[in-house]
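What follows is a single structure, written as structure tokens, with notes after it.
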There are 2 protein chains.
Amino acid sequence: MSVTIKDVAKKAGVSPSTVSRVIAEHPRISVATSKRVKAVMDQLGYHPNLMAKSLVSRTTRTIAVILPKPAEELLLNFFFYELIRGVLAQLTRAGYDLLMAGGSNEQEELDTVVRLVRGGRIDGLLLLYSRSSDPIIHFLRKENVPFALIGRSLDYEDVPSVDNDNVQAAYDATNHLIAQGQKRIGFVSGPAKLAMTQDRMTGYTKALAEAKLPFKEGWVVEGEFLLESGYRAMASIMSQPEPPTALVVIDDVVAFGVLKGLAELGYRIPQDVAIVSFNNIALSELTMPPITSIDVGTYQLGYTASQMVLRMIQQVEITARQIIPHRLVVRESSLRTVTYN
Amino acid sequence: MSVTIKDVAKKAGVSPSTVSRVIAEHPRISVATSKRVKAVMDQLGYHPNLMAKSLVSRTTRTIAVILPKPAEELLLNFFFYELIRGVLAQLTRAGYDLLMAGGSNEQEELDTVVRLVRGGRIDGLLLLYSRSSDPIIHFLRKENVPFALIGRSLDYEDVPSVDNDNVQAAYDATNHLIAQGQKRIGFVSGPAKLAMTQDRMTGYTKALAEAKLPFKEGWVVEGEFLLESGYRAMASIMSQPEPPTALVVIDDVVAFGVLKGLAELGYRIPQDVAIVSFNNIALSELTMPPITSIDVGTYQLGYTASQMVLRMIQQVEITARQIIPHRLVVRESSLRTVTYN
DNA sequence: GTTAACAAGTAAATCGTTTGCACAGATTAT
DNA sequence: ATAATCTGTGCAAACGATTTACTTGTTAAC
């Protein structure tokens, strides 16, 4: 069917091993032979069978990204894509391929990971978020598979991971609102299980405490990383007797929902309610008003995490935990006084 | 190292072939043996080596998506992600994995495809756009590899593909503006090589011609699927002696740039310039004003195209060319009279 | 009671590579 | 001149599955 190493060998009048050595640029092969074999190779359009190669080398030059449980939902958040962009840039550079796989629930997700790892289909993987007591992380450590986590593990200190200082980031975001004179600041949050959510919550409360500003249960709403989540949160938060006049929002897409919700309720932004959000996706500057957002270096996150996995595969020593710096990008949504031209 | 079929065989007191047959649910295996072997299998945590399996079966349960040349750029367009969402939904459903690979120029792209196909790494692939005289399509047809194109081939009639009726879509978009009383309608276009761009251009001119409205070279600008592209187009289009009062824009992200450009030049939308765009990505309704857009069923496009590839792999007869219906979603950006509440 | 049919399982070849070991001839060291 | 080392290559055994063709023990048929 397809042209194999044997065909090349026969045509070049050498043994298959020699052809293999030519491909691998083995030093013991003479220049003459190498040239001749190579000529035959492209004359025949030979390409090594990657499966056979992988089988014997136990290597696939493939990294997997596991799509968390509600892949459908995850994929609605643009943060993810910016991340993947970074991942792809790194992997392509290194000549690795990216495999995307998922499951429709936590069990299936684990099954997928086990299948890929035990089945020898991948050389390493990238985990996007970490839940508390994550069975996948547990499995990967046990099996000693190269992997890196984007985020922070709540269970183990020494999991290779790339993260932001989310406590500090939320602290900065909240303080930015405080600096604008805001006194009643709420928090539109994400899934409580995630380390990221917990850290940002910590930063938020810390800033409030330091400024001696009130923290109210009713000003905090937990949700998903979805537009509707932010939209719905407004109904509940703004129906409080004394609603907040400023909001820290866990994610830009959620903030889009917040914008929509507030607009429908008749609030003006930022005059009535000021907003600071996270991730600074490309479209945050296009909404009306543009959203102030903490840039977490999403692309860098993906790029660095992939690099980490690649290094682990090459047995290069790595720093277990890398922090990508964040940066507050101020736009109109958070400013006390705004001038429209 | 890893537990193999032989280990299972030994422990279960049968031959490797029997274990293999148990896995494949071969009818010639007795229930008793099957049970016993299966018990041993999960006692040992056995998982078949996918490479070995692929080697002999010449099958990988993997579909590749080739990222076009400027992957970095492509990934900035959200249209792509919605597409991938559809692809993943279909593939996950069918138990296939998705491999994303790319190259940094057309040659590398082709090389990647050749490597993956000849190397037996994938069972089929999905092409995102088609250029004229695309060497990749040429190669895939020659090699008889299952693949589907999202879009339309300019070279071959019978390439399996999923597409919109882009001529009609652009015709509808333009007519919508005409119905609003617009007389001077421009077109912010995409790369001229792409079938999609050409088709939309055709629909646009057709609508103008039928309505006996003027077509002016200066009102048409070619660009990329990038925000900046739309932004820059405004400088050139609006500096015409008689600038258009309405624009058909090739893509939502480009339209975002158009919005930004027009705002900076002091035009109000839709009062001074009305806009209709394509793809209807999630954020089109969040801009100010929300953008009227042709929903092309992006998710469906990805979902259907993947299905087509899977069918080809399973040797099921397919319709070579499927058309996904489009739908005009009217929002404020295109309306003659607007009321803000 | 012999043979044919069948059920359940095994042995061995195969898929396309890589790689340790062997070996012949050339080169260098002593 | 002989031993020791180097060079360049081939043989054959992996890697971990699947699958064809063969064995064996039972049951049914005549």
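Sequence lines set the chain letters: A, B, ... in the order given, protein chains first and strands last, and positions in each chain run from 1.
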By side chain to side chain contact (heavy atoms under 4.5 Å, CB included) - contacts of A:Val316 (at least two apart): A:Arg311, A:Gln314

Partners meeting side chain to side chain donor-acceptor pair (under 3.5 Å) with A:Thr62 (sequence neighbours left out): B:Arg121

Close residues, residues 44-55 of chain A, relative to DNA chain D [heavy-atom separation under 4.0 Å]: A:Leu55

In residues 26-35 of chain A, what donor-acceptor pairs under 3.5 Å come from side-chain atoms, sequence neighbours left out?
unit_1, atom_1, unit_2, atom_2, d
A:Ser30, OG, A:Thr33, N, 3.2
A:Ser30, OG, A:Thr33, OG1, 2.7

Those residues that, when tested against B:Asp123, pass side chain to side chain donor-acceptor pair (under 3.5 Å) (two or more places apart): B:Thr60

Please tabulate, one pair per line, all N/O donor-acceptor pairs under 3.5 Å involving side-chain atoms of residues 38-49 of chain A, not counting sequence neighbours.
unit_1, atom_1, unit_2, atom_2, d
A:Lys38, NZ, A:Glu25, OE2, 3.4
A:Asn49, OD1, A:Met51, N, 2.8
A:Asn49, OD1, A:Ala52, N, 2.9

Quick one: which protein N/O atoms are closer than 3.5 Å to N/O atoms of nucleotides 20-22 of chain D? Pair and distance per line, please.
unit_1, atom_1, unit_2, atom_2, d
D:dT20, O4, B:Arg21, NH2, 2.8

Residues touching DNA chain C, which here means a heavy atom under 4.0 Å, drawn from residues 111-123 of chain B: none

Lys/Arg N to Asp/Glu carboxylate O, B:Lys193 vs B:Glu106, below 4.0 Å: yes

Salt bridge (Lys or Arg N to Asp or Glu O under 4.0 Å) against B:Glu143, all qualifying residues, sequence neighbours excluded: B:Arg118

Separation of C:dC15 P from A:Ile5 CD1 (nearest whole Å): 14 Å

Most 5' of B:Ile29 and B:Val56 on DNA chain C, judged by nearest nucleotide: B:Ile29

Salt bridge (Lys or Arg N to Asp or Glu O under 4.0 Å) partners of residues 155-164 of chain B, not counting sequence neighbours, each pair once: B:Arg141-B:Asp158, B:Asp163-B:Arg321

Contact list for residues 7-23 of chain A, test salt bridge (Lys or Arg N to Asp or Glu O under 4.0 Å), sequence neighbours left out: none

Side chain to side chain donor-acceptor pair (under 3.5 Å) partners of A:Arg36, counting only residues at least two apart: none

